[in-house]
There are 2 protein chains.
Amino acid sequence: MERTAGVALWRQIAERLRTDIRNGTWKEGGKLPTEQVLSARFGVNRHTIRRAISELSAQGLLSSRQGRGTFVENAPSPLTYPIGPRTRFSEIISRQSREPGGRLIGSGREAAQPWLVEKLRLSLGQEAVHRLEVLHVADGIAVSLSTNWFPAHRFPDLVSRYAETGSITKALAAHGVADYIRKKTEISARLAEPEESRWLQLAEGAPVLVTDLVNVDEAGTPVQVSRTRFAADRIQLTVEN
Amino acid sequence: MERTAGVALWRQIAERLRTDIRNGTWKEGGKLPTEQVLSARFGVNRHTIRRAISELSAQGLLSSRQGRGTFVENAPSPLTYPIGPRTRFSEIISRQSREPGGRLIGSGREAAQPWLVEKLRLSLGQEAVHRLEVLHVADGIAVSLSTNWFPAHRFPDLVSRYAETGSITKALAAHGVADYIRKKTEISARLAEPEESRWLQLAEGAPVLVTDLVNVDEAGTPVQVSRTRFAADRIQLTVEN
DNA sequence: CAGAATTTGTGCGTATGTATG
DNA sequence: TCATACATACGCACAAATTCT
């Protein structure tokens, strides 16, 4: 393993093992190579391997027993999140037979930043937006954190409607938006920020997938801008062509 | 800034500043807040801020001058990589008026892993594949590293054809594949592995966007499986709906 | 069943990296 | 720049649980 640059060796190794487990290198219940072998393979001290394993054990992915070895405890199949014109969180999760849930964790009314004015095509003097922060959960596990912005003048009661119904689709419908479609999605990745780590229960420094999207109504007018951060180790995005 | 294991504070802050610069929080030529202010904002010692700034300076993103301040030297607009049924690397890059380049960095013939057998729909006894490792470059900057697999029995001379033409499209055409389209794309993110860091000239522990795709010919038969790792700080994927 | 071999668990000393003031 | 504290990583040794012969 290559020497440093601000990321501890044990963390790099832990992330490697995590993706190996996810890719099925060792099946659930399967046995990992011995600490001996792993330390030789990564070219590090056994203590370092043990630190990495202990991290994954604490997260319930692995378990070690003295004299026996280290075993894969849980290899949760990653959720798949299709990106298309009509993706709705709850439908997707339900289709994969998991219990969906959204939790309103913050909201507010604020002045739109320039990039938001452009994306929502706000006109002069109507630059106020509602901001809605929602944590998405599947089977009790946090999978994504989304920040949503809506033009405040068009959707004055959006926050309370969402609070009542727990659904953005329904909150928009209450304001006369019968249908909306996803126009464009931008996808990037970066390291999680501390607040994101907290909500998504990620290790600090874990990667997040970020999607930026614009939803438009039937007339093509933007009704919602949304920035969603997915826990990259729990979800995979797919695009069908 | 929150105290946490495995990732140095200065790295977390460097990554934050990098995404802020990319998001245009400070324009090119713009002045960053003083180290004083930044250290207060992140709740860390000024030394730590300086370490983060020095990292970004070494990468040519920032520059500091005594008595004046720290300035944004380079805010390269991120390349946008659209994902659709007919995306070809060179077309995309050219359209954004950058000089594209692909470099063959490795190849080989090997037995297909089970998941490859499934994705390429290989029949029994024809499980050999060609592997092609290509580094993609735009304007002299590495943007992605892709591993490509092809059924060896159908495309016996693929590697040499690619070496001659520098184009997968042409190498496939030489084997009678007039056209192909992208069937499905899976997108995930993880930390770069050491070898990826080396090729993409990434800092260790930097995130990569990973896309897995299957290309099929006009008859719908898989001709290529490809896994591409993008430097997440240099590229953004987009999906048009 | 005894004893050897294997594998994880633990302790200590040292050197270097990270973060503060 | 210096001093201090803690985290990271290494190397060695040995203990404890389990498996193999």
Side-chain angles (χ1 to χ4, degrees), chain A residues 1-18 20-21 25-74 191-194 197 202-206, chain B residues 1-18 32-59 64 66-67 70 191-194 197 202-206:
Chain A
M1 205 88 205
E2 256 119 286
R3 225 2 107 290
T4 70
V7 184
L9 276 178
W10 65 261
R11 165 160 296 284
Q12 298 177 48
I13 291 168
E15 297 292 345
R16 274 284 288 270
L17 293 177
R18 189 207 303 286
D20 284 347
I21 292 168
T25 305
W26 309 289
K27 291 144 213 164
E28 185 151 338
K31 184 175 177 297
L32 259 65
T34 65
E35 298 175 351
Q36 245 314 322
V37 170
L38 287 174
S39 62
R41 181 176 304 170
F42 287 108
V44 300
N45 194 277
R46 195 163 71 92
H47 284 304
T48 310
I49 295 292
R50 287 179 58 72
R51 181 75 173 86
I53 289 175
S54 113
E55 187 73 9
L56 298 179
S57 299
Q59 293 168 31
L61 263 159
L62 295 176
S63 78
S64 307
R65 258 176 299 170
Q66 202 170 138
R68 307 235 308 138
T70 302
F71 302 85
V72 177
E73 207 57 37
N74 246 313
L191 301 185
E193 291 175 10
S197 299
L202 285 172
E204 195 105 13
Chain B
M1 203 89 202
E2 254 122 283
R3 202 29 89 288
T4 302
V7 185
L9 276 177
W10 65 260
R11 164 159 291 284
Q12 298 178 48
I13 290 168
E15 296 292 345
R16 274 285 288 271
L17 292 178
R18 189 207 302 285
L32 258 66
T34 64
E35 296 176 355
Q36 200 29 280
V37 169
L38 287 174
S39 63
R41 181 176 305 169
F42 287 109
V44 300
N45 194 279
R46 196 164 72 88
H47 286 305
T48 310
I49 295 292
R50 288 179 58 75
R51 179 78 172 84
I53 288 175
S54 112
E55 186 74 7
L56 297 179
S57 298
Q59 293 168 31
S64 308
Q66 207 171 122
T70 301
L191 301 185
E193 293 176 9
S197 300
L202 286 172
E204 194 106 11

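Quick note on labels: first sequence line is chain A, next is B, and so on, each numbered from 1. Nothing here was measured: the structure is a model prediction, and the numbers come from that model.
Residue A/H47 places no side-chain atom within donor-acceptor reach of the base of C/dG9, judged by atom type and a 3.5 Å distance cut-off alone.
Within a 6.0 Å radius of CD in A/Q36, other residues, nucleotides and ligands contribute 12 heavy atoms or fewer.
Atom CZ of A/R11 is separated from atom CD of A/E55 by 5.5 Å, given to the nearest 0.5 angstrom.
Between A/S64 and C/dT7 there is no side-chain polar atom (N or O) within less than 4.0 angstrom of OP1 or OP2. Here B/T48 reaches the OP1 or OP2 of C/dT20: one of its side-chain N or O atoms lies under 4.0 Å away. Dashed line: the shortest gap from a side-chain N or O of B/R46 to OP1 or OP2 of C/dG21 is not under 4.0 Å. An OP1 or OP2 oxygen of D/dT19 is reached within less than 4.0 angstrom by a side-chain nitrogen or oxygen of A/R68. Regarding contacts with the backbone of C/dG21, a side-chain N or O of B/N45 is found under 4.0 angstrom from either OP1 or OP2.
When the C1' atom of C/dT6 is taken as reference, atom CZ of A/R65 falls 16 Å away, rounded to whole Å. C/dT18 atom C1' lies 13 Å from atom CZ of B/R11, rounded to whole Å. Between the CD atom of A/E35 and the C1' atom of D/dC12 there is a distance of 16 Å, rounded to whole Å. In this entry the distance linking CZ of B/R50 with P of C/dA19 reads 15 Å, nearest Å. Here the P atom of nucleotide C/dG17 and the CD atom of B/E55 are 14 Å apart, to the nearest Å. Residue A/F71 contributes atom CZ, which lies 10 Å from atom C1' of C/dT7 at whole-angstrom precision. A straight line from CD1 of A/I49 to P of D/dC10 spans 9 Å, rounded to a whole angstrom. The nearest whole Å value for the distance from the CH2 atom in B/W10 to the C1' atom in C/dT20 is 17 Å.
With A/T70 as reference, A/I53 is the one residue of A/L56, A/L38, A/I49, A/I53 to meet the side chain to side chain contact (heavy atoms under 4.5 Å, CB included) rule.
Under a 3.5 Å cut-off, the side chain of A/Q12 and the backbone N or O of A/V7 do form a donor-acceptor pair. The closest donor-acceptor contact from the side chain of A/T25 to the backbone of A/I21 lies at 3.5 Å or more, if one exists at all.
Of the candidate nucleotides D/dC10, C/dT18, C/dT8, C/dT18 has the atom lying nearest to any side-chain atom of B/R51.
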